[in-house]
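First up is the structure itself, then whatever we jot down about it.
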Amino acid sequence: MPTPHQEIVFKNFIWIDFLNPDKNELNELSDQYGLDLLQLRDSVEVGHLPKIEISPDYTFLILRAFTGSFAGRNSNLNKQTNKVAFFVSANRLITIRRSEFDFFENVPTEIQQVDTMLLYLIRNLLKSFEEPLKTLSKKVELFEKTVFVRNDKSIALEDIYYHKAQIRLVKKNLQYAQQVVQQLVVKEKLKSGLQDLKDRILSLSHACDEVMDDTNNLMSTYLSLNAQKNNEIMKLLTVFSVFFLPLTFIVGIYGMNFENMPELKWRYAYFGVMAVMLGLVVWIYLWFKKRKIL
C-alpha cells in the first residue's frame, strides 16, 4: 500500500494526500482505488494546465497554484506555478501534488463534506494568484512613472514584453481554471460556495485583464515616445544640415584651386565671404522662426 503524505479521517469522508509519489505508488493507487493510471501519471507530470474529467465513479481535476516569483524576466509556467490533482468521490478525496502548500497543512478540522473540502482547497489555490497580480499591477505603475516622468531610471522594451508574458501566464491559468470550476458539481447546500469560487475567478480575471490592458497601453506609449524622440533627433539633424549646407557650398567653391578666381585677389574678399555666410545664417534662422520650426 502506498504511503501518503497525510491521511485524515473526517466525519463523512477521508482525505488522502500524496506528495511526489513514484511510479510504484501510482500503480498501487490505481489498483487499490480503481483510478485511471493515465490520469495518475498526468498528476505527477509537469506542464499540465487545469482540466476536469468526470467519470461515473469519481471526478478528476487538475488545478495550479502560484508558487514562484515575478522578479526579473521569468515567465515559465512550470517555474511559476505548481499543480494539484484531485480525485473526488462520494466519501473520499485523494490529492496528488508536487510541491508543499501551507494551506494543505492547516486544514480546518470542522469540515464535514468532501465537497466542502474540495472547495476549500480550490479557494486557496486561487488565492495564491492575488499577491502576484498586485505585484504585476504595481510593476506597471512603476513602468508608467519611469516612461512618463523620464527620471534617471530606464526600462527596455524587453522588460515590458516579459511583463506582458507574465500577465499572459496568469490569465491563461485563470481561464482554464474557470472552465474547470464551471463544470464542477456539488451538493445543493454548497452551491453558494461554488458560486463564490466562480465570482472569485471572475474577479481575478478582470484584475488580470486590467493589468494586461495597462501593459498594452504602456507598450504603445513607449513605442510612440521612442518614435517621437527619434523624430526630434532627425529634426535637429535636419536643422543643422540646413544651416551648414549653404556655408559648406560657399567654402567648397572658394576652396577650388583655379587660377582665374578674381575674388581671391580682392583685398576684402575674406571679410566679404564671412559677411555673406553670416547673413545666410541669420536669414535661415529668421525663416525658421517665421515658419515656427524653431
Side-chain angles (χ1 to χ4, degrees), residues 2 4-21 25-26 29-30 32-45 48-67 81-130 173-205:
H5 175 69
Q6 63 180 349
E7 181 174 327
I8 303 177
V9 179
F10 291 86
K11 183 176 181 180
N12 298 311
F13 72 99
I14 182 173
W15 175 38
I16 307 170
D17 178 46
F18 286 89
L19 180 63
N20 286 322
E25 289 177 321
L26 294 178
L29 272 172
S30 179
Q32 182 177 356
Y33 297 110
L35 304 178
D36 190 301
L37 186 58
L38 292 178
Q39 292 175 342
L40 287 167
R41 290 175 179 173
D42 284 346
S43 303
V44 295
E45 290 180 358
H48 283 285
L49 289 167
K51 68 175 182 177
I52 184 171
E53 297 176 9
I54 301 175
S55 62
D57 298 325
Y58 62 88
T59 299
F60 167 66
L61 57 145
I62 291 177
L63 291 170
R64 304 190 73 94
F66 189 89
T67 55
T81 62
N82 271 290
K83 67 181 180 181
V84 180
F86 300 85
F87 294 87
V88 190
S89 59
N91 58 359
R92 183 176 61 245
L93 172 63
I94 299 175
T95 54
I96 299 176
R97 53 196 171 99
R98 296 172 51 87
S99 179
E100 296 279 1
F101 300 102
D102 291 338
F103 57 89
F104 268 73
E105 311 299 331
N106 303 300
V107 175
T109 56
E110 64 271 14
I111 293 178
Q112 298 183 7
Q113 303 294 331
V114 66
D115 288 346
T116 307
M117 181 67 176
L118 177 63
L119 295 180
Y120 167 81
L121 294 176
I122 295 177
R123 186 178 300 108
N124 281 276
L125 286 171
L126 295 175
K127 191 176 180 181
S128 67
F129 287 92
E130 293 179 357
N173 189 84
L174 290 175
Q175 286 177 332
Y176 279 93
Q178 188 174 30
Q179 295 175 11
V180 170
V181 173
Q182 290 290 345
Q183 297 180 61
L184 274 181
V185 178
V186 297
K187 295 179 180 178
E188 187 67 29
K189 63 180 182 179
L190 296 176
K191 285 189 175 181
S192 60
L194 179 60
Q195 185 60 45
D196 178 68
L197 277 185
K198 295 177 181 179
D199 295 339
R200 183 181 292 268
I201 294 180
L202 188 61
S203 177
L204 289 172
S205 297

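- Judged by distance alone, with hydrogens and angles left aside, the side-chain atoms of E105 form no donor-acceptor pair with the main-chain N or O of E100 at under 3.5 Å.
- Atom CG in L61 sits 9.0 Å away from atom CZ in F87 (nearest 0.5 Å).
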Inset, instruction - Just do the side chain to side chain contact (heavy atoms under 4.5 Å, CB included) check on Q6 and W15 with the steps written out, would you? - result: CA-CA 8 Å; Q6 63 180 349; W15 175 38; 3.0 Å; yes
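- Using modelled atom types, one side-chain atom of S205 and one backbone atom of I201 make a donor-acceptor pair closer than 3.5 Å.
- Legend: residues meeting side-chain contact (heavy atoms from CB on, under 4.5 Å) with S203, ordered by chain and number and at least two apart, are absent.
- For K198, the side-chain contact (heavy atoms from CB on, under 4.5 Å) criterion is met by V181, Q182, L194, Q195, not counting sequence neighbours.
- Within a 6.0 Å sphere centred on CG of D199, other residues, nucleotides and ligands contribute more than 12 heavy atoms.
- Note that OG1 of T116 is 10.5 Å distant from CD of E110, once rounded to the nearest 0.5 Å.
- Here the straight-line distance linking atom CG of L125 with atom CZ of R200 works out to 11.5 Å at 0.5 Å rounding.
- Between the side chain of N82 and the main chain of S99, no donor-acceptor pair closer than 3.5 Å is present.
- The shortest side-chain heavy-atom distance between D17 and F104 falls under the 4.5 Å cut-off.
- Looking at heavy atoms from C-beta onward, P50 lies out of side-chain contact with Q179 at the 4.5 angstrom threshold.
- By the ring pair (Phe, Tyr, Trp, His ring centres under 6.0 Å) test, Y176 pairs with no residue at all, sequence neighbours left out.
- With sequence neighbours excluded, the residues forming a side-chain contact (heavy atoms from CB on, under 4.5 Å) with S89 are Y58, N91, R92, listed by chain and number.
- Between F129 and T81 there is a side-chain heavy-atom pair separated by less than 4.5 Å.
- Side chains of V186 and L118 form no contact here, defined as non-hydrogen atoms less than 4.5 Å apart.
- Put simply, the side chain of V84 does not reach to within 4.5 Å of the side chain of L63, judged on heavy atoms.
- Partners of F86 under the ring pair (Phe, Tyr, Trp, His ring centres under 6.0 Å) rule, at least two apart in sequence or in another chain, do not exist in this structure.
- Here CG of L184 is found 7.5 Å from OG1 of T59. Values are rounded to the nearest 0.5 Å.
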Legend entry - K51 and Q183: CA distance, side-chain angles, deciding distance, side chain to side chain contact (heavy atoms under 4.5 Å, CB included) verdict: CA-CA 10 Å; K51 68 175 182 177; Q183 297 180 61; over 6 Å; no
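- Applying the side-chain hydrogen bond (donor to acceptor under 3.5 Å, both in side chains) test to residues at least two apart or on different chains, none of the pairs has a partner in residues 119-129.
- For the pair F18/L26, no side-chain contact is recorded, criterion being any heavy-atom separation below 4.5 Å from C-beta on.
- L93 is listed as a side-chain neighbour of L121, based on a closest heavy-atom distance under 4.5 Å.
- A donor-acceptor pair under 3.5 Å links the side-chain atoms of N12 to the main chain of Q112, judged by distance alone.
- The shortest distance between side-chain heavy atoms of I16 and L29 does not fall below 4.5 Å.
- To the nearest 0.5 angstrom, Q32 atom CD is 8.0 Å from I94 atom CD1.
- The structure places OG1 of T67 at 12.0 Å from CZ of R97, a figure rounded to the nearest 0.5 Å.
- Closest approach of F103 and V107 over heavy atoms only: O-CG2, 3.5 Å.
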